[in-house]
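All of these numbers come straight from a predicted model, not from anything done at the bench.
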Amino acid sequence: TFSGGTDAAPAFEEALNLIQEEDFKKADILFISDFVMSEIEKDLEEAIQSAQNNKTSFHSLTIGKNSNQNILDVFDNHWIYNPNDLGSLVRNIRVI
């Protein structure tokens with residue numbers, strides 16, 4: 001948006017639509033962002049939870065350190081890429 005922040009709803013909606021198709025039914029979703037964005041609408045959060053109940057995992061990779069932590073609660077896994085500390089990202093990925 002012009003006032004700052006990302007409108008994540010279209011990306012989530014497109015991902016949720018794609019996993020309905022046969023070729024993507026078993027796919028996981030990786031969302032890469034700085035996560036400087038407003039809250040996710042309740043109906044979209046419920047759709048994400050429904051997909052998670054059907055074995056779709058949602059992963060996030062934050063670029064930077066100023067993310068909206070409330071948004072990250074919808075993800076199964078979350079990694080942070082801080083350009084000043086690449087080692088922490090590598091250690092966190094190895095945990096999985």
**Report entry** Interatomic distance, F75 atom CZ to I48 atom CD1 [nearest 0.5 angstrom]
**Finding:** 6.5 Å
Query raised in the report: How many angstroms lie between atom CH2 of W79 and atom CG of L72, to the nearest 0.5 angstrom?
Result: 12.5 Å
Query raised in the report: Taking atom CD of E41 as the centre, does the number of heavy atoms from other residues, nucleotides or ligands within less than 6.0 Å exceed 12?
Result: no
Query raised in the report: Between NZ of K55 and NZ of K25, what distance do you get to the nearest 0.5 Å?
Result: 14.5 Å
Report summary line: CG (D28) and CZ (F58) are apart, to the nearest 0.5 Å, by 9.0 Å
Query raised in the report: Is there a side-chain contact between F35 and I80, using heavy atoms and a 4.5 Å cut-off?
Result: no
Query - Inter-residue atom distance D34.CG - N68.CG, 0.5 Å rounding - result: 10.5 Å
Report task. Please name the pair of heavy atoms, one in A27 and one in I19, separated by the smallest distance, quoted to 0.1 Å. Result -> O-CG2, 4.4 Å
Query raised in the report: Do L16 and I40 belong together in a cluster built from hydrophobic side chains that touch within less than 4.5 Å?
Result: yes
Query - Shortest non-hydrogen contact between I71 and M37, atoms and distance - result: CD1-CG, 3.3 Å
Query raised in the report: Do the side chains of V74 and L44 get nearer than 4.5 Å, heavy atoms only?
Result: no
Query raised in the report: CD of E13 to CG of D43: how many Å apart, nearest 0.5 Å?
Result: 8.0 Å
